[in-house]
Number of protein chains: 2
Amino acid sequence: MPLSTSDRSVVEPAIRRLSALRLLSAEARASLEYAMLEGLQRGGPGEDLLAEGDSVDSVRILLSGWLCRYKMLEDGRRQIVNFIFPGESCDTHAFLLPVMDHSIATLTPVVYAEIKRARFESLLAGDRSLAEAFWCETLVNNAIQREWAVNLGRRMALERVAHLFCEIFERLRPVGMVEGNSCIMPVTQMDLADATGLSVVHLNRTVQELRASGRIVLRDRTLTINDLDALKDAGLYSPSYLQLYRRG
Amino acid sequence: MPLSTSDRSVVEPAIRRLSALRLLSAEARASLEYAMLEGLQRGGPGEDLLAEGDSVDSVRILLSGWLCRYKMLEDGRRQIVNFIFPGESCDTHAFLLPVMDHSIATLTPVVYAEIKRARFESLLAGDRSLAEAFWCETLVNNAIQREWAVNLGRRMALERVAHLFCEIFERLRPVGMVEGNSCIMPVTQMDLADATGLSVVHLNRTVQELRASGRIVLRDRTLTINDLDALKDAGLYSPSYLQLYRRG
DNA sequence: CGATAATTTGATACGATTCAATATATGTGG
DNA sequence: CCACATATATTGAATCGTATCAAATTATCG
């Protein structure tokens, strides 16, 4: 569903995030903004943007809402392997590989920019820092993916959930989606369970434990972290892997 | 420990692997070979090649032996987040980020080629297909990392170990390290436990279960898979994520 | 408002961890 | 080449964390 708007602020999260990774020239910024505004799309919740096995011929940059990357096992078990937050892009270089190894789904209503591959490539060809910013994003993504392996492999339920909440909070902050000590949490507990490798029931109990100990408030789709440092301790969280404020 | 040799076959695994990802010109091949041969290094088992927090100024390409990427939690829990096999490179673009988010250790004696960043960059600048091959490697790595999240989050012990064995087997094959239905397995059960997110005791029992059911033989540091398809079934393994035989 | 989805609760079962002990390999120096 | 020390693999028993199943409650949406 194409979306037209004259409001350039919709693309701001992407510009913000990329600028944090690499200092972008005014021209690079402008041409990217323009390309994004031309390709604005909307999606409803619960849609697959890309499915495992699809080939990819365009780049998507999320501007609002949440996406997730997930994989399914034959018998229906689902693992969310990562979230995608506003400002982040789906697959800037996925076309170098033949097909998607995983699926990408909307968890909420979303707005994103879709840029055709050729267009995207010429954008990158025109500006080295832009190319580097997108590559950095891939590398940071890789680092996040590694931390998820640690989370799933070596942390206990309470630590896992605490860690995930810290990560979400810290990833939303640089794109301006944190207010005070709160951010939105627009996903179901089933999604959180699939992201932490827990059953819904146990995830629910774990969340309640975090609530009961006063570490978080989670209601009305809003997460409030009373004491972020305490939650980080509980989740054995060390933020360096996000490399949030890099500038080459 | 620098290593000199006149035998060019040491670099073959790397050439093979990169060639599988992208068709390389004879010149690209030759210049890469030359750079690798100039920077040959040896390492013993149990050494950190790079530690979390280090900054990276050279690229390493593994030629023989096994490495692992791992992260530690404060209290000593370790998660191996990936293996690195002969022909694979450690950090071709890690210098785009300021510091390592994880450590890389030798699991066996190794031989690798170390190429200084500037040298490496000029190599890539000189040949587009070479640059693309290395980037593809990063993307494939990312896909493997996602599959590890699935393994750790949603597979049970037996499935996890079966899956890991299948993956190892399939990653060793294209670099010629599989003979018939056997490959070497030069790591301890503790390493396998840390890779699968299990305790050593339970990993041991799981391996025994795989042995008892006749699916594998594991002794003398050699893994023999009697029926690969059966092991894949047991591990809910679907190999597409490795994207082994790509050519752009 | 009713229908459906999401969250919460309870009870039970199972998979995996832990601790402790033993057995087997591997490596080292004499 | 053997004796010893150390690392690795194996076994058993008890415990703990998490899953599963089923039901009840609460929220959400048309």
Side-chain angles (χ1 to χ4, degrees), chain A residues 44-46 66 73 75-80 106-109 151-164 184-212 216-223 234-236, chain B residues 44-47 66 73 75-80 105-109 151-164 184-212 216-223 234-236:
Chain A
W66 288 22
L73 298 182
D75 64 358
R77 280 175 277 180
R78 178 176 78 145
Q79 178 67 43
I80 291 180
T106 58
L107 294 171
T108 69
N151 211 32
L152 294 164
R154 284 296 182 227
R155 287 196 187 85
M156 293 189 309
L158 192 89
E159 298 167 336
R160 268 187 229 183
V161 177
H163 189 279
L164 180 64
I184 61 162
M185 180 66 58
V187 297
T188 65
Q189 294 195 356
M190 211 190 105
D191 295 326
L192 294 174
D194 285 344
T196 49
L198 301 169
S199 68
V200 201
V201 172
H202 199 62
L203 177 102
N204 176 275
R205 288 180 172 132
T206 306
V207 166
Q208 286 179 58
E209 204 179 331
L210 285 169
R211 276 200 276 247
I216 65 163
V217 178
L218 178 56
R219 63 157 204 269
D220 303 332
R221 316 262 104 164
T222 300
L223 170 70
L236 292 93
Chain B
E47 292 173 11
W66 289 23
L73 297 182
D75 64 359
R77 278 175 278 180
R78 177 176 79 144
Q79 177 66 43
I80 292 181
T106 59
L107 293 172
T108 70
N151 211 30
L152 294 163
R154 284 294 182 226
R155 284 196 190 86
M156 294 189 306
L158 192 90
E159 298 166 338
R160 269 187 227 183
V161 177
H163 189 279
L164 180 64
I184 61 162
M185 179 66 57
V187 298
T188 65
Q189 295 194 357
M190 212 189 107
D191 295 326
L192 294 174
D194 284 344
T196 48
L198 300 169
S199 67
V200 201
V201 172
H202 198 61
L203 178 101
N204 177 274
R205 286 178 175 136
T206 306
V207 166
Q208 286 178 58
E209 205 179 329
L210 285 169
R211 275 201 275 247
I216 64 163
V217 178
L218 179 55
R219 62 156 204 268
D220 305 331
R221 315 261 106 164
T222 300
L223 170 70
L236 292 92

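Proteins come first, then strands; the chains are lettered A, B, ... in the order of their sequence lines, and each starts at number 1.
B:R205 places no side-chain N or O within 3.5 Å of a backbone atom of B:V200 that could act as its donor or acceptor partner. The main-chain N or O of B:L73 is never found under 3.5 Å from a side-chain atom of A:R154 such that the two would form a donor-acceptor pair. For the pair B:T106 (side chain) and B:E47 (backbone), a donor-acceptor distance under 3.5 Å is present. In terms of modelled atom types and a separation under 3.5 Å, the side chain of B:T108 and the main chain of B:P186 share no donor-acceptor contact.
Partner of A:M185 under the side-chain contact (heavy atoms from CB on, under 4.5 Å) criterion, chosen from A:I216, A:T222, A:D191, A:L218: A:L218. For the side-chain hydrogen bond (donor to acceptor under 3.5 Å, both in side chains) criterion with A:D194, the lone passing option out of A:R77, A:Q189, A:R78 is A:R78.
Between the CG atom of A:D194 and the P atom of C:dT7 there is a distance of 12 Å, given to the nearest Å. A straight line from CD of B:Q208 to P of C:dA23 spans 15 Å, rounded to a whole angstrom. Per the geometry, CG belonging to A:L107 stands 15 Å off C1' belonging to C:dA6, to the nearest Å. Atom-to-atom, CG of A:L218 to P of C:dT7 comes out at 9 Å; the value is rounded to the nearest Å. For the pair A:R219 CZ and C:dT8 C1', the interatomic distance rounds to 17 Å; values are reported in whole Å.
Contact annotation: A:N204 side-chain N/O to C:dT8 OP1/OP2 distance is under 4.0 Å. Here A:Q189 reaches the OP1 or OP2 of C:dT8: one of its side-chain N or O atoms lies under 4.0 Å away. Applying the 4.0 Å criterion to OP1 and OP2 of C:dT8, one finds that A:R211 has a side-chain N or O inside that range.
Rounded to the nearest 0.5 angstrom, B:I184 CD1 and B:D220 CG are separated by 12.5 Å. A distance of 7.0 Å separates CG in A:L164 from CG in A:N151, rounded to the nearest 0.5 Å. Taken to the nearest 0.5 Å, the CD atom of B:Q208 stands 9.0 Å off from the OG1 atom of B:T206.
A:L236 is listed as a side-chain neighbour of A:R155, based on a closest heavy-atom distance under 4.5 Å. Annotation: side chain of A:H163 is not in contact with side chain of A:T196 (no heavy-atom distance under 4.5 Å).
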With the criterion being N/O to N/O and under 3.5 Å, what pairs connect the protein with nucleotides 3-5 of chain C, and how long is each?
none

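Axis deviation across the helix from C:dC1-D:dG30 to C:dG30-D:dC1 amounts to 60°, comparing end segments of five pairs, rounded to 10 degrees.
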B/S/- contact track for nucleotides 12-30 of chain D, protein heavy atom under 4.0 Å
BB----SSBB---------
